[in-house]
2 protein chains.
Amino acid sequence: MTMQDQVKANIIRGIRKLLLNSHSMSKAEITEALSISFPTVSKFIQEMVNRGEVLSLGLLPSAGGRRARNFAFNPDFVHTLLVYLEKEETKYVITDAFNKKIQEDAVESFLKQDPRALSAFLRTKLIDDPSIRTIAMGIPGAVNGDVISYIPGYPLYANQNMRDILNLPVEIIIENDMNAAVIGYQNRKGLSSDASLVYIYMGANGPGAGILINGKLVKGHTMFSGEISFIPINDNNRFLPESGFDLEDERFIALISKLIQTISALLNPSQIIFHQSEVNELFLNKVNENVRRYFPSEHLPELYVSDWDKDYKEGLWDIAKSKLCEMSF
Amino acid sequence: MTMQDQVKANIIRGIRKLLLNSHSMSKAEITEALSISFPTVSKFIQEMVNRGEVLSLGLLPSAGGRRARNFAFNPDFVHTLLVYLEKEETKYVITDAFNKKIQEDAVESFLKQDPRALSAFLRTKLIDDPSIRTIAMGIPGAVNGDVISYIPGYPLYANQNMRDILNLPVEIIIENDMNAAVIGYQNRKGLSSDASLVYIYMGANGPGAGILINGKLVKGHTMFSGEISFIPINDNNRFLPESGFDLEDERFIALISKLIQTISALLNPSQIIFHQSEVNELFLNKVNENVRRYFPSEHLPELYVSDWDKDYKEGLWDIAKSKLCEMSF
DNA sequence: TAAACTTATTAAAGTAGTTTAATAAGTTCA
DNA sequence: TGAACTTATTAAACTACTTTAATAAGTTTA
């Protein structure tokens, strides 16, 4: 990719990102936001209008002079198919360019079946809605590029290159569910793009964490990061609540306290987030108080509860949206 | 900074980086390495030669056709003053553009004195060698931009903006010593620019770690990352070897094993590095064997010993070199 | 040893974003 | 209500990197 192709790609990505994150904008606003010249914005917007990607929305109220023309991303220029592969069921959502639901449903879990069954199912969705240009999938396993490198319990998906095996005529993006959730949280809360966050999920199949450092996902050398059940907090050299998830139990409080202390000492993130169905404010207050006895409080992260499902849903969309900004139409 | 200024800065940075990392290069080699056109390289090299930044070194042997002209960065175009602020003494090195030592000495520690004493000292060095354009300082404390945000034991330096208080007519860069060491290690070993490494130092004043994730230093929300003494491995909710640093002692082996297990479970780095004066191969083998009992061995990092002093020295230079590539002359 | 081939460099034409000037379309105020 | 001002858009001149062509300076081979 030559240097001016990169410049061009940068401009298009910038314009798309702005338009996808706001209802509508004028050329002057885009010029200002991207620090590029008005004529350049004008040229690119014209091209985007020509190919139906951007809609010209008429005139904005005057700001003291000639009224500016208003532009918005065409919601139906591209649709996205978001697929959530879960143990009990496979959820999917078809959304427009602004993440507005067009169709939503849950079907039998494909994780227990051959991936080709999933491929066939997705193909029917692509035929029903030819506007779909991207499929983003969330997976309860480790992802390395297009490959599922580790997915306990679902051998049919282990070490599969999903792009190859699904073999569909659209962009395929896969991501680990915890990683998607932490990205979703970051965006839902409007946190900075270089945030450092750790999202903790106790889960039925053992705990896990999604880790974002300097705004980038921490995947690890062998895609094994965030496997907090292997932190040797208990006597058995693991981190697993033998006492169960009893929010009143002192032992459970001590366990989570040590986890937080460990993460804080090593990474010093600004926030640690828990699933709202797993902990409550009272519990976190107790934990917070407990950790302060052993750790300087000015360096402790904020402890928050959040809605994991919402964060996960949003996160997968954010990942798809980033891809959308990169695509060429 | 407008878009084409960025393009220009990118090109200059690219050329400098190449020339500073190789003895000499032809224009064609630079063209190839940077994916920019020959005439553009030619233009920039010409400018750099004109201002004395680059030397024209004559003709290379023929590769089957017309012989190419050979270019190299002028070693004496800029000198750098590297300052290592340590407890017992302050070391400094003046180096040329290829990190060749021009002058080296150790003087009384400035950490116990007012920073203005350091300023006066550095000023004499700048007068002695007017080629010095950058001062890079390594500090046993947390650094946030130009500010020393935390430095136990040296209250005169705490919360000082070093750029302001030193008030010198050159670029000032400060970095934590552990962070510099991990960068130095990365470069000395020629590791990839997105490596994930943890450098562990037991130290006299308590242990610390320099953490590099996806090629970026992890500094933490309040510059408190890597404070591994606060990891609650012992019963007292800390990580401090009560048994002393006895490499034969089972308790010490267990302690380090748990530290490695913790780091691996959370971050899954490719390497964990120890100081060669603190551990030995035999000890690390024992630790490695120990961790494998509780942690999947395919996800364990490689354990290495390295020369901390060399890594630190090299790291501070690498940081200064990066700055040098950004500067305008 | 001269024609054919290779590689490096320079020159000229092409492409794409920026800057500046001109024009269009509003608002404000005497 | 029209002169002065404000903001948006378009047009033209400018700048800078790329591409292609021409030239320079070697090597190889019949």
Side-chain angles (χ1 to χ4, degrees), chain A residues 1-19 22-51 53-72 328-329, chain B residues 1-19 22-51 54-72 328:
Chain A
M1 197 189 210
T2 164
M3 215 181 63
Q4 20 220 37
D5 289 346
Q6 287 175 14
V7 169
K8 194 168 180 171
N10 249 322
I11 295 172
I12 292 188
R13 181 160 5 98
I15 295 177
R16 287 210 184 115
K17 198 171 171 185
L18 285 174
L19 289 179
S22 73
H23 184 267
S24 63
M25 286 181 97
S26 69
K27 288 175 182 174
E29 287 170 324
I30 295 172
T31 297
E32 169 70 16
L34 297 182
S35 307
I36 55 179
S37 72
F38 189 98
T40 301
V41 171
S42 210
K43 189 187 104 182
F44 279 87
I45 287 286
Q46 192 53 251
E47 286 172 7
M48 293 169 99
V49 169
N50 289 345
R51 77 168 83 100
E53 183 176 349
V54 164
L55 300 174
S56 179
L57 248 42
L59 300 172
L60 248 12
S62 167
R66 177 170 171 175
R67 295 167 66 189
R69 199 160 278 283
N70 199 19
F71 297 91
S328 49
F329 296 101
Chain B
M1 198 190 210
T2 162
M3 217 181 60
Q4 20 220 39
D5 289 347
Q6 286 175 15
V7 170
K8 195 168 181 173
N10 249 322
I11 294 172
I12 292 189
R13 181 160 3 98
I15 294 177
R16 287 209 184 114
K17 199 172 171 185
L18 285 174
L19 289 180
S22 73
H23 184 267
S24 64
M25 287 182 95
S26 69
K27 289 176 182 173
E29 287 171 323
I30 295 172
T31 298
E32 169 70 17
L34 297 182
S35 306
I36 56 181
S37 72
F38 189 97
T40 300
V41 170
S42 210
K43 189 187 102 180
F44 278 87
I45 286 287
Q46 192 53 250
E47 286 174 6
M48 293 167 99
V49 170
N50 290 345
R51 76 167 85 100
V54 165
L55 301 174
S56 178
L57 247 42
L59 298 172
L60 249 12
S62 168
R66 177 170 171 175
R67 296 167 67 189
R69 199 161 278 283
N70 199 19
F71 297 91
S328 49

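Chain A is the first sequence line, chain B the second, and so forth, proteins listed ahead of strands; every chain is numbered from 1.
Checking dA25(D), dT9(D), dT19(C) against every side-chain atom of R66(A), the shortest atom distance belongs to dT9(D). For R67(B), taking side-chain heavy atoms from C-beta onward, the closest of the listed nucleotides dT7(D), dG26(D), dT10(D) is dG26(D). Nearest to the side-chain atoms of T2(B) among the listed nucleotides dT27(C), dA8(C), dT18(C) stands dT18(C). Counting only heavy atoms from C-beta on, F38(B) has its side chain closest to dT9(C) among dA11(D), dT9(C), dA25(C).
The main-chain N or O of L60(A) is found under 3.5 Å from a side-chain atom of R67(A) such that the two form a donor-acceptor pair. For E47(A) (side chain) and F44(A) (main-chain N/O), no donor-acceptor pair under 3.5 Å exists by modelled atom type.
As rounded to whole Å, 12 Å separates atom C1' of dT9(C) from atom CG of L59(B). Following rounding to the nearest Å, Q6(A) (CD) and dA16(C) (P) show an atom-to-atom distance of 15 Å. Taking atom CD of residue Q46(A) and atom P of nucleotide dA16(C), one finds them 16 Å apart after rounding to whole Å. If you measure from atom CD1 of I30(A) to atom C1' of dT9(D), you get 14 Å, rounded to the nearest angstrom. Going from atom CZ of R69(A) over to atom P of dA24(C) covers 16 Å, rounded to whole Å. What separates CZ of F71(B) from P of dA8(C) is a distance of 12 Å, to the nearest Å. Rounded to a whole Å, the CD atom of E29(B) is 12 Å from the C1' atom of dA8(C). As rounded to whole Å, 15 Å separates atom C1' of dT9(C) from atom CG of N70(B).
Here the side chains of V49(A) and L55(A) are not in contact, with every heavy-atom distance at 4.5 Å or above. Considering only heavy atoms from C-beta on, F71(A) stays 4.5 Å or farther from M25(A) through its side chain.
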Provide a list of protein-nucleic acid N or O atom pairs under 3.5 angstrom, restricted to nucleotides 28-30 of chain D.
none

Between the protein and nucleotides 14-17 of chain D, which nitrogen or oxygen pairs are less than 3.5 angstrom apart?
residue : atom : partner : partner atom : Å
dC17(D) : OP2  : K43(B)  : NZ           : 2.4

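Two residues, G64(A) and V41(A), neighbour DNA chain C, and the one matched to the more 5' nucleotide by heavy-atom proximity is V41(A). The nearest heavy atom of DNA chain D to P39(A) and to A68(A) marks one nucleotide each, and the one closer to the 5' end goes with A68(A).
Minimum heavy-atom separation, A28(A) to F38(A): N-CE1, 3.9 Å.
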*With side chain to side chain contact (heavy atoms under 4.5 Å, CB included) as the test, would you mind laying out the steps for N50(B) and Q46(B) before giving the verdict?*
CA-CA 6 Å; N50(B) 290 345; Q46(B) 192 53 250; 3.2 Å; yes

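To the nearest 0.5 Å, atoms OG1 (T40(A)) and CE (M3(B)) are separated by 6.5 Å. The CD1 atom of I36(A) sits 5.0 Å away from the CD1 atom of I15(A) when rounded to the nearest 0.5 Å.
Side-chain polar atoms of N70(A) and S24(A) form a donor-acceptor pair below 3.5 angstrom.
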